[in-house]
Amino acid sequence: MDWKKDGQSTNSTGNGIGNCIRNGSNGVVYPPYASHRLRLNPSVDHKPDNYDDLQLDFSPLLFSSLERYLPPALLNSSRDQKVHYMREILLRYFPEGERTRVQKHREYRQKIISNYQPLHRELYTMHAQNFFVPSFLKAISENSEESFRNIMSEPSPGVFTFEMLQPRFCEMLLAEVENFERWVRETKFRIMRPNTMNRFGAVLDDFGLDAMLEKLMEDFIRPISRVFFTEVGGSTLDSHHGFVVEYGMDRDVDLGFHVDDSEVTLNVCLGKQFSGGELFFRGVRCEKHVNVETQPEEIFDYAHAMGRAVLHRGRHRHGARATTSGQRINLLLWCRSSVFREIRKHQKDTSSWCAECQRNKKERQRQAIAATKLELLKRGATAI
């Protein structure tokens, strides 16, 4: 999205929203997108409206997320004004085919939610004290790099691990997923799998857990990402894809070498009893260098433990080794930034996060310095 976001100006009309368009059918005054651009950084203290009750072209959560980026003059305007303004922006960047796909997916999701009976309804709203271990909650409440590092280890650059989920939460979520899959089998309902790589697992957002996962991203993952992943949009995460994957002898066994469709990925093991299934990491790469060979210092393997989280850049190449016995189920949250994705379209220098670009840049600098030294030596010899 070509968002030039300052959002600070208003004009002299005195209504606080600049030049406006009046909708003749209902008399509502709407601010035009052209004169009010989105903010670059979200208003973190602003509590967005809820749009779930409206029939919209796009996901209600997208409107709630986008609202935090509205220019100050619009933040406290009516919900109708905000919807009109945000819809005008979204229509510019979502082709009709994409809108049709979104609408069909909304209908698919609504059909599930209307018929599926949750097992543990307490999972569907955020209850932080019941979900997370005390050390994680303390670090989030203090909200500083020091507090985060106190609970984390960084066994390989850009890979952070920490205790996160309480055993009871893991057990309830596993039971909820099993209950959903039982309903799918009994009703013969065809569900969409989490991604093109996994043949088993379920999209948690599709059966009602999207609001809870949105809170997880906004209130718990984004503060950490703002500290450790700023160069890939960690401070502007505004959407997510939440799902579980299942590995075992009668499920997916392993997962090939890949990158995620995310800026930041949260991966937490929910259980059960299993052997194998280690994650292997092989360095961060941009699109251009995604298949470039791995350097020795980039090789890292991680063994899962129930309730323990791994947080890494989506472009950090990784895979999963074979689960040799038992069953392993993991919660994944792909966190995305629409702002960073737009910036990346025009970004020529990705050396701030792509390790291969960094090496190439250092090599060019080394060659330039060597050439300069050689030229100075030649000049000195000529002068003598």
Side-chain angles (χ1 to χ4, degrees), residues 48 50-53 56 58-65 102 104-133 136-137 140 164-187 189-195 198 200-222 225 237-246 260-262 264-272 306-307 309-311 328-336:
N50 186 299
Y51 298 91
D52 289 341
D53 60 315
L56 301 167
F58 309 96
S59 165
L61 285 173
L62 185 56
F63 281 86
S64 294
S65 296
V102 169
K104 286 183 177 178
H105 191 239
R106 186 184 300 118
E107 292 168 359
Y108 159 83
R109 184 174 288 184
Q110 188 56 49
K111 189 174 181 179
I112 293 175
I113 293 172
S114 299
N115 292 280
Y116 172 66
Q117 294 299 315
L119 179 66
H120 293 295
R121 291 192 179 275
E122 59 266 43
L123 290 173
Y124 289 75
T125 52
M126 176 57 70
H127 299 289
Q129 298 295 328
N130 297 331
F131 291 1
F132 306 121
V133 297
F136 179 72
L137 290 174
I140 293 295
M164 182 180 181
L165 298 178
Q166 292 190 24
R168 175 60 180 153
F169 174 85
C170 296
E171 292 166 3
M172 285 197 301
L173 188 53
L174 284 174
E176 190 68 47
V177 170
E178 289 174 0
N179 188 60
F180 174 67
E181 291 181 335
R182 188 180 308 113
W183 174 82
V184 168
R185 289 194 301 272
E186 291 172 354
T187 59
F189 191 92
R190 284 190 61 139
I191 62 169
M192 299 178 187
R193 294 302 176 182
N195 52 60
N198 290 97
F200 295 90
V203 179
L204 301 176
D205 299 314
D206 286 347
F207 60 93
L209 287 162
D210 49 329
M212 185 274 283
L213 294 174
E214 188 77 5
K215 290 289 289 181
L216 170 58
M217 182 193 72
E218 289 184 351
D219 296 347
F220 300 92
I221 303 307
R222 192 162 61 196
S225 300
L237 300 176
D238 55 12
S239 66
H240 76 270
H241 176 50
F243 56 97
V244 293
V245 290
E246 303 176 24
D260 295 337
D261 182 14
S262 69
V264 176
T265 293
L266 173 73
N267 186 341
V268 194
C269 182
L270 301 175
K272 305 175 180 180
M306 188 181 75
V310 184
L311 195 68
R328 176 172 68 84
I329 302 177
N330 281 50
L331 163 66
L332 282 105
L333 193 67
W334 286 357
C335 304
R336 297 159 173 163

Query raised in the report: Just by distance, with hydrogens left out, do Asn330 and Arg328 show a side-chain donor and acceptor under 3.5 Å apart?
Result: yes
Query raised in the report: To the nearest 0.5 Å, what is the distance between CG (Leu333) and CG (Asp260)?
Result: 11.0 Å
Report task. Using the test side-chain contact (heavy atoms from CB on, under 4.5 Å), find all partners of Arg121 that sit at least two apart in sequence or belong to another chain. Result -> Gln117, Pro118
Query raised in the report: Mind checking whether Trp183 and Phe189 have parallel, tilted or perpendicular rings, split at 30° and 60°?
Result: tilted
Query raised in the report: Can Leu165 and Phe132 be said to form a side-chain contact (heavy atoms from CB on, under 4.5 Å), step by step?
Result: CA-CA 5 Å; Leu165 298 178; Phe132 306 121; 3.8 Å; yes
Report summary line: Sorted by chain and residue number, the salt bridge (charged side-chain N to carboxylate O under 4.0 Å, His left out) partners of Arg222 (sequence neighbours excluded) come out as none
Query - Partner residues of Lys111 under the side-chain hydrogen bond (donor to acceptor under 3.5 Å, both in side chains) criterion, sequence neighbours left out - result: none
Requested in this report: Show the numbers, then the answer: is there a side-chain contact (heavy atoms from CB on, under 4.5 Å) between Phe207 and Leu209?
Outcome: CA-CA 6 Å; Phe207 60 93; Leu209 287 162; 3.8 Å; yes
Query raised in the report: Is there a donor-acceptor contact under 3.5 Å from the side chain of Gln166 to the main chain of Gln129?
Result: yes
Query - Any residue meeting salt bridge (charged side-chain N to carboxylate O under 4.0 Å, His left out) with Asp205, in chain and number order, not counting sequence neighbours - result: none
Report summary line: Here the gap from Ile191 atom CD1 to Arg185 atom CZ, rounded to the nearest 0.5 Å, amounts to 10.0 Å
**Report entry** Point-to-point distance, once rounded to the nearest 0.5 Å, from CE of Met126 to CG of Leu213
**Finding:** 7.5 Å
Query raised in the report: Taking all atoms of both residues into account, what is the closest heavy-atom pair of Gly271 and Met306, and its distance?
Result: N-CG, 4.1 Å
Query raised in the report: Where does the angle between the aromatic ring planes of Tyr116 and Phe180 fall among parallel (under 30°), tilted (30 to 60°) and perpendicular (over 60°)?
Result: perpendicular
Report summary line: Note: Phe169 and Met212 closest approach over all heavy atoms is CZ-CE, 4.4 Å
Report summary line: In this structure, CG of Leu174 is separated from CD of Glu171 (nearest 0.5 Å) by 8.0 Å
**Report entry** Contacts of type side-chain hydrogen bond (donor to acceptor under 3.5 Å, both in side chains), residue Arg168, not counting sequence neighbours
**Finding:** none
Query raised in the report: Which value, rounded to the nearest 0.5 Å, describes the distance between Leu216 atom CG and Glu218 atom CD?
Result: 10.0 Å
**Report entry** Test salt bridge (charged side-chain N to carboxylate O under 4.0 Å, His left out) applied to Glu214 - qualifying residues, sequence neighbours left out
**Finding:** none
Requested in this report: Could I get the full list of side-chain hydrogen bond (donor to acceptor under 3.5 Å, both in side chains) partners for Glu107, not counting sequence neighbours?
Outcome: Gln103
Query raised in the report: Taking only residues two or more places apart in sequence, or in another chain, which ones meet Asp219 in a side-chain contact (heavy atoms from CB on, under 4.5 Å)?
Result: Lys215
Query raised in the report: Which pair of non-hydrogen atoms, one from Pro194 and one from His241, has the smallest distance, and what is that distance?
Result: O-NE2, 2.8 Å
Query - Ala309: partners by side-chain contact (heavy atoms from CB on, under 4.5 Å), with sequence neighbours left out - result: Phe162, Met164, Leu266, Val268
Query raised in the report: So, for Val203 and Phe243, which heavy atoms are closest and what is the spacing to 0.1 Å?
Result: CA-CB, 3.9 Å
Query - Residues which pass ring-ring contact (aromatic ring centres under 6.0 Å, His included) with His105, listed by chain and number, not counting sequence neighbours - result: Tyr108
Requested in this report: Indicate the atoms forming the closest heavy-atom contact of Arg336 with Ser262, along with that distance.
Outcome: CG-CA, 4.1 Å
Requested in this report: Can you sort out the partners of Leu119 under side-chain contact (heavy atoms from CB on, under 4.5 Å), two or more places apart, ordered by chain and number?
Outcome: Ala175, Glu176, Asn179
Report summary line: Of all heavy-atom pairs linking Ser64 and Asn50, the shortest is OG-CA, 4.4 Å
**Report entry** Set of side-chain hydrogen bond (donor to acceptor under 3.5 Å, both in side chains) partners for His127, sequence neighbours left out
**Finding:** Thr125
